[in-house]
Structure formats: C-alpha cells, structure tokens
**Student:** 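Structure below; questions to follow.
Computed over heavy atoms, backbone and side chain alike; hydrogens, waters and symmetry mates excluded. Numbered from 1 within each chain, the chains take letters A, B, ... in sequence-line order.
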Amino acid sequence: MRIKKAGMIFLIFLVSLTFLTGCRDNEEIGTSATGVTTIEFWTAPNPPQQKYWEQMAREFEKENPDIKVVVTPMKETPSSEAYVISALIGGKGPTLAENISRGFAAQLAESRVLEPLNSLRNLNVIQSRKMEKTMKAWVFPDGNQYVIPVYSNSMLVGWRIDILREIGYDQPPETYSEIIEVTKKLKAKYPDKYFWAKADLADPTAWKRWFDFFLLYHAASNGNALVQGNRFIADKEAGMKVFQFMLDLNKEKGLLSKQVKDPFETGIGIFTDLGPWTFSYWKEKFPEMKLNETFTLAPPPVPDGMKAEHPKTFADSKGIVLFSQKSEAEKRAAIRFLNWVYKDHKHDLTLMETTLMPAARDDLLSNETFRPFFEQNPVLKPYAEAVPDGVPVMANPKYNHIQTIIGQQAFNQVVKGKKTADRAWTDMKKEIEEVLEDE
Amino acid sequence: MSDKRSNGIGWVFSGPYLIYTSIFFLVPLVASVFLAFTNWNLISPEYDWVGLKNFLKALKRPEVFAAFVNTFKFMALFIPVSLALSMLIAVIVHSLPRFRSIYLAGFFLPYLASGVISSLIAKGLLSYNSAFNVFLREKWGLDIDWLGSPFLALLVVVLMLAWKFSGYYALILTAGLESINKEVYEAAMIDGATSWQQFSKITLPLLYPAIYTVLILAVGVTFGIFTEVYQLTGGGPDNATTTWQLNIFIESFTNLRAGYASAIALIASAATFISIFIIRKILELWGKRHGWG
C-alpha cells in the first residue's frame, strides 16, 4: 500500500514537472555573468528571411563575441501581429523584431512599447545605408521614426501579355477606359476569362485592401494618405473613380471574386497585383511564366486623363523595431547589431539574393554593389525603379479597423455591384469618421 | 476507508484540474470582466475606466448582432447535420460484428485534424478551377459561388464542422448504444415491432444521456467557431459567417481593443449560458417524457 502511495505521489510529481518544464525559457535573454549580452531578434515567418538574419547574426557574433543574437521566426498563430502582441502582454517580447508594417508600428508606438529610433544617438543606420529619402515616408504623425524599413516592395501589376497579344494588344492598357475596352474584347474572344480573378476582392479582411484598393487608390490620388491623425482627408474624386472602375468591370463581367487557384498563372485572369516574392514561387511551380513572353510588368492603371508614368503605388514594406521595455545593455547591443548589419552594402545584396525583395534604400539602381544583381534578375529592376513611388501602410493605430470598413462598406460591395460608387463612398466615409472620432 | 481520508484522496486527484482551471479559466474570466470596463489594449501603460461604454457600443454594432444571429443559424444547421451523421456512423459501427474500434478510430481522425489544413483543403476543393467545380460547370452548367453566397458560405462551414465532429460524437453515441440491453430489442421483436419502431421507441429514448451530451457539446461548438471562418471567409460575405470568436480576435489582436473585445466576450458568454440553459431545459423535458430525470 505504501509503495503504491509513493508511486502515485511520484507519478503526480513527474507529470507536474513535465508541464512546468515547458515553461522554461530556451535562452536566457540579457547580460550573463561572463559579460555576454544576449538579444532576441524575431524574423518574418518565412525561411529566406530567417536564413538571412541567421547568417547576419552568425557573422556579427564572430566579430562581436560579447553579444549573442538569438534569431527566432515569429509564429503566425493565427497572425504574426497577434503573436507579437501576446508575447508583449506576457512580458516575453523580443529585443528587435522585423516584419513590422508601418500601421502595426503605429499601434505599438501608441502603446509606448517602441523606442523612437531618432532619439538613439548611436544608431547611424539611416546615413550608412543611404536611406534618407526612403525614411521620409516613414515619419510618424508624432514626428518620430519607429521603424527601419528592411525591404520595400512597391507593388506593380502583372499582365498576361500572351493573351493581350491574342486580342490585338502589344502593350498593356494604362487607363481605366482602355482597360474596359480590353475587357470587352477579352470577353468576346474568351467568355471564360476575366480581367481580374481574385477571391480577395470580395473578402473584408483588412490587409487585403493593400493589394487592391490602395494599389489603385494611390495611383489615382497621387499617393493621398486617406487619413491624417483623426481626420479623414481622402481624395473623394480619386476614390469614386476607383469604385466606378470596379463597377464598370463588374458590369462587363470582368471580375471573378470566387476562390480560384493560381488564376493569373492559369490564364483565367489576365491582370494581377504582383509583388517580387512571386517570382521564386513561379521559378519552382510555373517555369513557363517568362517576362515579356507570357507576362509583363506595369505600374498600376490610372483614371482617364492622368499621367500613367510612375504613378504612386502601395508599398508592401516592413521593417525592424526596437522594443523599449528591454534593458539598456540589450538596447545598446541591438544598436551595435543594426549598425553592423547596415554599414556594409554587401549585406543588402545578400538580403536581395536570399529573399528577392528590393532593399529599402535610395541607391538601389545607382550603387555599383547591386548592379550585377539586377542584371541577373531583370524582373526585379522595375521594382527597384518603383521604390520612390511606393506609399507604405498608413501610420494610424486604427488602420486595421479603417481597412476593414473600406472592404465591408465599399470595395467588396462595388466588386459585387451591390452599391453605387457614391453610396459606397458615403457609407465608408461615415463609418471611418465614426471610428476616428471614437476615443 | 474513513470519509475524511476518502475526501483527501478526492482533493488530491481533482487538485491538478482545479489548479489548471483556476489559472487558465477563472483568473482570465475575472480579468476580462475588469477589462470590459476599460479601454485598455493590454500593452499600453495607460488606460481609462469607461464604465458600460464598451457594452453599449457592442450592442449597437452590426457585426456583433450578426455574430449573435449567425450562431443560431449555425446551430440550426450544425446540430441536425452532425447529430444525423454521428448517429448514422454509430448505428453502422455498432452493427458491425468486428473491428468496431478500428472504424471508430478512423471516423475520429478528422477531430484531430488541424482546422487550418482542412480549411485550405476546402478552399482548394471549392475553387473555381477545381475538378469538382469544372465538372459542375461542364456537366450541368452550374457555376456556384460557394463562399460568396451568404447561405452557401454558412453551409460550407457547417459541413466542415460536421465532418470534424461527427466521428467524435459517434464515439459517445456508440458507447450509449453498447449500454442498451439487447433483451429489450428481443422483447420488442417478439411483440412485432418494426426496425423503425425499435429505433424510435427504444434506441432513441435509451440513448438520451448520450444524445444529451452530444447536443450540449454541439451547442458549445457553434459558439466557438473561429478557424474555419478566419481561413475561408473572413466573416463575409456581408457578415454572413461572422462569429463571436472572430469578432473577439479581430478586436483584440488586429484592432488592439482588448477592453471592447472583453465586453463582446462577456456578451457572448451570457448568450452561450442562456442558450445552453434553454436547450438543457428542452432536453430535460424530452428526457422526462421517457422516464429520465
């Protein structure tokens, strides 16, 4: 009986111990007794970016044995933002994190968990990396800078040039009325094909507006901010034109908002928003997609009467933030790491070679270090050229809510032909203003 | 064994569960009641006491109202579909002469499947250019917008949930079927009862405890739907598939309004408790008619 009792107590102890072991940290963050400061760097949850930062950390540690950089990919459970927030709530946030958009940074900055980078005297990334111009778009409404943008994917659009040629076009159309004409000809020849086939067009999820509404709206409004502080300052004329364009396409049966697998690659849609991350996927899955043979790249289309050269576009750009609740030793170590990464231009070359995403800097096309890269990857050159035209995510803590409203009240509705452009604009504006006024 | 000693052993065995529940359920519940009266986002050093503002705001919002209505729509579809399916599985498996546990384990597998993976598979199956949809278009000219139509989107989510949970519910029902004395059926057969009469007059009433458990669990599921709608529809079209959990997640982790999200969570809890209470009462009335309770 005693043996059984002792066995039971031991079993309970063992089970408790197993659970508690899960609570232990794998790495001790901070400064150890041997004087080594350990910092944690969270990367985007995609292998190329993780590989790049691991390489940077290893090389940095060789030259700086007093600092250890632990690189960990942030999990998407169920989104990387939710993961960061959960960690901060639990007091387990990293020292540095990349993959932070301007909107998310605005939310974090409002909660005062980010270090204003302009207040850090020892940080000299902006000068050494040649990104003064790029950083101008990253100033927050409070005048501070919280993010060092790592890459800048100014979104372009892809056209199926092979199908365009079949319907009599050698160049992609540039304006809305030209596109409507193309759609009419496309439907006459191929009733089963569409101008734009993408389920996201009818999905209200906030971030999906970056790749449809903002892509078109920034081009139509010359990069209007939509919201400034608590004021709705949108360009009504431009917005209405975007909505009317969607309604006209719907009328011509040019939009397919059902779930479609690889619609552009399979030729169901002849137009798509295209980021540089697509090309490594195509290389593996669709090797037949060749620049100027099957597809071509162009800036986003513009309303009639607007200059179609170098229109503004949405920039899918993310960067690094430094969390303010960390110790001074960790912050100093983090600054040394960032200064080291960005003092050598070759590190940005490694970034582009590993991730195929244009580094967020002003001298991409003029710096000799990068010339061979763009010669080897001509498909990425238009993205580098478009970097100055890119408008990043709005720096507003309510950006998610605002973008959900744009989808629910306006964009998703006009895609389905359920609201007039005027009604969509009025409903959207009213609800966004309510959100902005809300404390 | 003395009562005192017996009580002590009881506490030892239920202790870990009580500690777990206190840490992971009771403390968060108290914290969320507090949060619901503030505008805190959980990471900011500052917050204000806002009284009932979060509750009043939530009650006016269309997406919160849609979550409330949708839960009952999900319930109206999910409960009959999952109960019928699980009953069918349980009856078939119960009638098998051997390998029952292997079949049951097979039906139980979807319960263990990741909601994200099954949603991605569903997305692929329902895509415009999937073999299934191409077949429907070419054979019958049916061009169905599965996730773009409010009713169909709801139905797709219900069918996914039914696929996931039916095997689990079938386990409970099979255990119930195994506990029914075979002599009752023999007596009914001697009296000339048909198969349907045996099922409706004997099996169903005697399965009451198992059905009761399944129904309460199924109601709970409809209040907790998240992954499928998050992955497949984002709550659309036009809030047709939005749920309590989706609203709570979006408000807490994308809009960073944890206080407001807590108010929605408390409203959702109240709706859940009231719904389960009403359903329990209805089930108990049905049980009483057949001699239970």
**Student:** Looking at A:Lys418 and B:Asp238, what are the two nearest heavy atoms and their distance?
**Tutor:**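 For A:Lys418 and B:Asp238, the tightest heavy-atom pair comes out as NZ-OD2, 2.9 Å.
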
**Student:** Side chain of A:Asn400, backbone of B:Thr254: donor and acceptor closer than 3.5 Å?
**Tutor:**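 Such a contact is found between A:Asn400 side chain and B:Thr254 backbone.
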
**Student:** With a 4.5 angstrom heavy-atom cut-off, which part of B:Asp48 approaches chain A: side chain, backbone, both or neither?
**Tutor:**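 For B:Asp48, neither part sits under 4.5 Å from chain A.
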
**Student:** So for A:Thr404, is it side chain, backbone, both, or neither that comes closer than 4.5 Å to the heavy atoms of chain B?
**Tutor:**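 Neither part.
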
**Student:** So which part of B:Pro45 gets closer than 4.5 Å to some heavy atom of chain A, the side chain, the backbone, both or neither?
**Tutor:**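 Both parts, backbone and side chain.
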
**Student:** Which region of A:Val260, side chain (C-beta onward) or backbone (N, CA, C, O), has a non-hydrogen atom less than 4.5 Å from a non-hydrogen atom of chain B, or is it both or neither?
**Tutor:**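 Answer is both: backbone and side chain atoms of A:Val260 are under 4.5 Å from chain B.
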
**Student:** Please step through side-chain contact (heavy atoms from CB on, under 4.5 Å) for the pair A:Gln259 and B:Leu126, ending with a clear verdict.
**Tutor:** CA-CA 7 Å; A:Gln259 281 297 330; B:Leu126 300 174; 5.6 Å; no

**Student:** Please look at B:Asn133 and chain A and tell me whether the side chain, the backbone, both or neither of the residue comes under 4.5 angstrom of a heavy atom of that chain.
**Tutor:**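 Neither; nothing under 4.5 Å.
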
**Student:** If you look at every heavy atom in A:Pro204 and B:Gly234, which pair is closest and at what distance?
**Tutor:**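 Nearest pair, atom of A:Pro204 first, then B:Gly234: CG-O, 3.8 Å.
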
**Student:** I need the A:Ile85 CD1 to B:Asn41 CG distance, nearest 0.5 Å.
**Tutor:**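 Spacing of CD1 (A:Ile85) from CG (B:Asn41) equals 8.0 Å.
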
**Student:** I'd like to know whether NZ of A:Lys75 has more than 12 heavy-atom contacts from other residues, nucleotides or ligands below 6.0 angstrom.
**Tutor:**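 Count not over threshold, so no.
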
**Student:** So, taking the atom named OG in B:Ser44 and the one named CG in A:Leu88, what distance separates them when rounded to the nearest 0.5 Å?
**Tutor:**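 Here the interatomic distance stands at 12.0 Å.
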
**Student:** Just give me the residue among A:Asp262, A:Leu108, A:Ile268 that pairs up with chain B most often, heavy atom to heavy atom, under 4.5 Å.
**Tutor:**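 Ranked by heavy-atom pairs under 4.5 Å with chain B, first place is A:Ile268.
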
**Student:** Side chain, backbone, both or neither: which part of A:Ala202 has an atom under 4.5 Å from a heavy atom of chain B?
**Tutor:**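 Interface part for A:Ala202: neither.
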
**Student:** Between B:Ile43 and A:Ser111, is any pair of side-chain heavy atoms under 4.5 Å apart?
**Tutor:**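 When only atoms from C-beta onward are counted, A:Ser111 and B:Ile43 do touch, with a gap below 4.5 Å.
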
**Student:** Should we say atom OH of A:Tyr281 is surrounded by more than 12 heavy atoms from elsewhere, each under 6.0 Å from it?
**Tutor:**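 Counting neighbours around OH of A:Tyr281, more than 12 heavy atoms of other residues, nucleotides or ligands fall under 6.0 Å, so yes.
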
**Student:** Non-hydrogen atoms of chain A under 4.5 Å away: do they reach the side chain of B:Thr227, the backbone, both or neither?
**Tutor:**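 Neither the backbone nor the side chain of B:Thr227 comes within 4.5 Å of chain A.
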
**Student:** For B:Arg257, which atoms come within 4.5 Å of any heavy atom of chain A: side chain, backbone, both, or neither?
**Tutor:**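 Answer is side chain: those atoms of B:Arg257 sit under 4.5 Å from chain A.
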
**Student:** With the threshold set at 4.0 Å, does a side-chain nitrogen-carboxylate oxygen contact exist between B:Arg137 and A:Asp192?
**Tutor:**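 No, this pair does not count.
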
**Student:** I'd like to know which of B:Leu147, B:Leu232, B:Asp143, B:Asn239 tops the heavy-atom pair count under 4.5 Å against chain A.
**Tutor:**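 Max contact count across the listed options: B:Asp143.
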
**Student:** For chain B, which candidate among A:Ile402, A:Val84, A:Thr205, A:Leu256 shows the most heavy-atom pairs at distances under 4.5 Å?
**Tutor:**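 Ranked by heavy-atom pairs under 4.5 Å with chain B, first place is A:Leu256.
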
**Student:** At a 4.5 Å cut-off on heavy atoms, which part of A:Asn412 comes close to chain B: side chain, backbone, both, or neither?
**Tutor:**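 Neither part, no heavy atoms under 4.5 Å.
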
**Student:** Looking at B:Ile250, B:Asp145, B:Leu42, which makes the most heavy-atom pairs under 4.5 Å with chain A?
**Tutor:**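 Heavy-atom pair counts peak at B:Asp145.
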
**Student:** Which heavy-atom pair separates A:Lys258 from B:Tyr128 by the least distance, and what is that distance?
**Tutor:**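 Heavy atoms of A:Lys258 and B:Tyr128 come nearest at CD-CD1, 4.1 Å.
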
**Student:** Around B:Phe68, counting heavy atoms of other residues, nucleotides and ligands shown, do more than 12 lie under 6.0 Å from its CZ?
**Tutor:**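 No - once you tally the heavy atoms of other residues, nucleotides and ligands closer than 6.0 Å, there are 12 at most.
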
**Student:** Tell me, do B:Lys123 and A:Lys261 make a side-chain contact under 4.5 Å, heavy atoms counted?
**Tutor:**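 No. Closest side-chain heavy atoms not under 4.5 Å.
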
**Student:** Let's test your reading of the structure: which of A:Glu81, A:His401, A:Gln413, A:Lys416 forms the most heavy-atom pairs below 4.5 Å with chain B?
**Tutor:**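 With the most close heavy-atom pairs to chain B, the winner is A:His401.
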
**Student:** Measuring heavy-atom distances to chain A, does B:Gln231 have an atom under 4.5 Å in its side chain, in its backbone, in both, or in neither?
**Tutor:**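 Neither part.
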
**Student:** With only heavy atoms counted, which part of A:Glu431 is less than 4.5 Å from chain B, the side chain, the backbone, both or neither?
**Tutor:**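 Contact with chain B involves the side chain of A:Glu431 alone.
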
